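Encoded as structure tokens, the structure appears first; notes follow it.
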Amino acid sequence: MRATLGPIALAALLLLPAPAAFAQATAKRHMIVTAHPLASQAGLQVLDRGGSAVDAAIAAQLVLGLVEPHASGLGGGAFFLHFDARAKRVTAIDGRETAPSGAGPDLLMADGKPMPFASAVVGGRSVGVPGTPRLLEVMHARHGRLPWGSLFEPAITIAEQGFPISPRLHLLASRDAALAKEPATRAYFFGADGKALAAGTVIRNPAYAETLRAMARAGADAIYRGAIAQDMVAAVRGHANPGTLSLEDLAGYRVRDVEPICALYRAYRLCGMPPSSSGGVAVLQMVGLLGELNIQQHKPGSPEALHRFAEAGRLAFADRNRYLGDDRFVSVPVAGLVDPGYVASRSRLIRPERAMEKVEPGTPAGVKVAYADDPEHEVVGTTHLAVVDAQGNAVSLTSTIEGFFGSKQMVRGFLLNNELTDFDFRPEVDGRLSANSVAPGKRPRSSMAPFVVLDGKGARVEQVVGSPGGSFIINYVAKTLVGTIDWGLGMQEAIDLPNAGNRGGPTEIEKGTAWEAAAPALKSMGHDVRVIEMLSGLAGIRRTKAGWEGGADKRREGVALGR
């Protein structure tokens with residue numbers, strides 16, 4: 001399973017220099033940005049062979065599930081945005097996980113109280129029906145150009161030949177006590193001494209290679225039916241903290257075609273994901289609020305800019321926590337939430353020199369039910385990739401297994417998600433139902449926010465951007481869009497900006513950055529300021545006069561590559 005390679009062999013395996021050296025790239029024809037050098041290389045090779053943006057995204061995602069297993073994979077779900085250059089149209093597919101048929105509203109309760117997060121997340125209880133395998137298949141059926149099976153070859157080769165554990169993977173494994181206690185993950189990520197395998201250690205995953213071969217032959221049914229499905233169900237139901245996943249749940253999974261939500265901002269048309277994600281609505285609200293507040297007039301990182309950014313976040317998260325959920329189960333006033341008139345009215349609540357004392361959800365047009373506000377349980381994880389091909393088609397794909405290493409359950413070489421902990425633990429508060437309560441077949445609310453930015457007429461793609469980071473994602477993506485559109489920064493420059501924002505609680509500023517200097521001024525305005533680590537993983541591509549400019553977040557290990 002593991003081996004030690006010399007420096008020459010290791011360099012040949014990696015194919016690329018250190019990620020930081022290639023965080024930014026320019027290209028004339030096509031480009032891909034992912035969270036790992038090997039995934040970016042796999043996607044670039046597909047583009048070089050004439051593959052579509054979707055082909056490259058599939059090949060890259062399959063590699064990410066191997067080399068970045070803590071963030072995404074076949075055991076998770078994803079949101080997909082696609083721009084078709086010929087049709088001049090953005091389409092969206094919801095490949096989010098669903099709650100099994102046996103999951104009831106009290107799934108995350110014990111003795112009438114919400115379970116501790118650590119008690120809910122490890123084992124089978126938190127595992128939802130994965131969506132990524134079926135999503136990849138549907139993506140290819142609609143937009144693929146190269147043969148399906150050929151897209152699996154890079155990941156199969158790397159799984160069999162081995163790959164070096166990255167510094168980030170080592171660090172996350174070494175910090176995860178629960179991971180070391182589960183037999184399958186202990187055997188894969190840890191040595192005989194019980195310590196996480198060192199960065200640079202080459203590990204192989206033949207089980208993942210076999211899973212990929214099965215999927216290359218039989219399509220997504222190889223995951224949702226037969227022996228692999230049986231093993232998934234056995235792992236979930238046989239754990240000491242069991243879940244209810246069944247073979248019927250797996251066989252019945254379907255992705256959802258959904259209508260992207262788009263809004264004009266400055267000279268651009270911004271398109272994001274609708275529910276079950278809250279990311280598209282919240283980002284569009286934030287950007288709209290900041291436009292009303294003339295954010296472009298304030299210097300990045302200044303107290304004035306950060307104050308407005310935080311207040312916009314407070315308003316957006318108040319609405320998010322009240323109204324957003326799976327719109328097949330609850331009424332979500334999406335159009336009302338992003339209506340320019342409503343956003344403008346909310347912006348008038350923000351005072352230029354003083355934080356709001358209390359922020360309440362608004363009452364957008366279309367409200368039918370007053371749901372309960374909920375506590376935040378969404379944890380940091382996930383990955384994002386961005387692709388544009390030579391024909392001008394684009395993909396913005398955010399995928400996840402939820403928290404780092406998901407439920408810690410490993411089956412056939414991949415990890416199972418812990419998405420069900422994205423539901424509200426308490427099904428109702430003060431007699432009011434939560435919009436994000438657990439129900440069979442329901443998709444838990446997400447903050448994932450893949451975006452495609454078009455010109456004002458919607459005729460061509462101008463930007464592709466997204467990020468991992470749990471509920472932080474909303475602020476990360478809004479920051480980047482404001483950076484490129486309002487502050488005139490390049491994609492890499494916008495990604496490199498320090499992170500800051502407000503998720504309905506304290507105002508948060510990224511630790512160790514120049515923006516910390518604004519903390520005293522923000523406190524004087526009434527903000528409860530917290531300086532914390534904010535490890536975004538932004539990936540973005542921006543059109544330039546010469547072609548494309550890509551940016552990858554230096555806080556992680558991603559690279560942008562193009563021709």
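One is the number of the first residue; the rest follow in order along the sequence. Computed from a prediction, not measured in an experiment: that's the story for all the values here.
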Would you check if E311 and N502 make a side-chain contact, meaning some heavy-atom pair closer than 4.5 Å? no
Got a sec, which residues hit side-chain hydrogen bond (donor to acceptor under 3.5 Å, both in side chains) with S396, two or more places apart in sequence or on another chain? H384
Hydrogens and angles aside, do E68 and T383 bring a side-chain donor and acceptor to less than 3.5 Å of each other? yes
Let me see the working for R460 and E462 under salt bridge (charged side-chain N to carboxylate O under 4.0 Å, His left out), right down to the final yes or no. CA-CA 6 Å; R460 69 176 193 177; E462 296 291 335; 2.7 Å; yes
List for me each residue that meets side-chain contact (heavy atoms from CB on, under 4.5 Å) alongside A60, sequence neighbours excluded, and say none if there are none. I32, T34, A39, L385
When rounded to the nearest 0.5 angstrom, what is the spacing between OG in S524 and CZ in R354? 7.5 Å
Measuring from S446:OG to D326:CG, what's the distance to the nearest 0.5 Å? 11.5 Å
Give me the atom names and distance for the closest heavy-atom approach of A78 to L135. CB-CD2, 3.6 Å
Quick test of your reading: applying ring pair (Phe, Tyr, Trp, His ring centres under 6.0 Å), list the pairs with at least one residue in residues 496-541, sequence neighbours left out, ordered by first then second residue. H307-H527
Does a salt bridge link R256 with D327, judged by any charged N lying under 4.0 Å from a carboxylate O? yes
N/O donor-acceptor pair under 3.5 Å between Q391 side chain and S52 backbone: no
Do the non-hydrogen side-chain atoms of T26 and T544 ever get within less than 4.5 Å of each other? no
Check for a donor-acceptor pair, side chain of K28 on one end and backbone N or O of G562 on the other, with a separation under 3.5 Å. no
Reference residue V453; test side chain to side chain contact (heavy atoms under 4.5 Å, CB included); the match among T484, I541, L481: L481
Considering only distance and modelled atom types, tabulate donor-acceptor pairs under 3.5 Å from the side chains of residues 281-291, sequence neighbours left out.
| residue | atom | partner | partner atom | Å |
| --- | --- | --- | --- | --- |
| Q285 | NE2 | D319 | OD2 | 3.1 |
| Q285 | NE2 | L337 | O | 2.9 |

With side-chain contact (heavy atoms from CB on, under 4.5 Å) as the test, would you mind laying out the steps for V388 and V464 before giving the verdict? CA-CA 8 Å; V388 291; V464 184; 4.1 Å; yes
For A25 and M31, the nearest pair of non-hydrogen atoms, with its separation, is O-CE, 3.4 Å
Tell me every residue that passes side-chain hydrogen bond (donor to acceptor under 3.5 Å, both in side chains) with R89, counting only those two or more places apart in sequence or in another chain. none
Is the closest side-chain heavy-atom distance between N393 and R145 below 4.5 Å? yes
With the side chain counted from C-beta on, respond yes when E259 and P274 share a heavy-atom pair under 4.5 Å apart, and no when they do not. no
Sequence neighbours excluded, the answer for side-chain hydrogen bond (donor to acceptor under 3.5 Å, both in side chains) partners of H82 is none
Pairing of D455 and K457 as salt bridge, 4.0 angstrom limit: no
With a 4.5 Å limit on heavy-atom distance, are the side chains of P154 and Q41 in contact? no
With heavy-atom distances below 4.5 Å as the criterion, would you say the side chains of L497 and W487 are in contact? yes
In terms of side-chain heavy atoms, does R96 have a donor or acceptor partner in S276 at a distance below 3.5 Å? no
Derivation and outcome, side-chain hydrogen bond (donor to acceptor under 3.5 Å, both in side chains), residues T132 and Q61: CA-CA 9 Å; T132 295; Q61 178 57 59; over 6 Å; no
Are the side chains of L324 and V332 in contact, using a 4.5 Å heavy-atom criterion? yes
Would you check if E97 and D422 make a side-chain contact, meaning some heavy-atom pair closer than 4.5 Å? no
Given the options N417, L64, T400, S72 meets side chain to side chain contact (heavy atoms under 4.5 Å, CB included) only with L64
Could you grab the distance from atom CZ of R445 to atom CG of D424, nearest 0.5 Å is fine? 5.5 Å
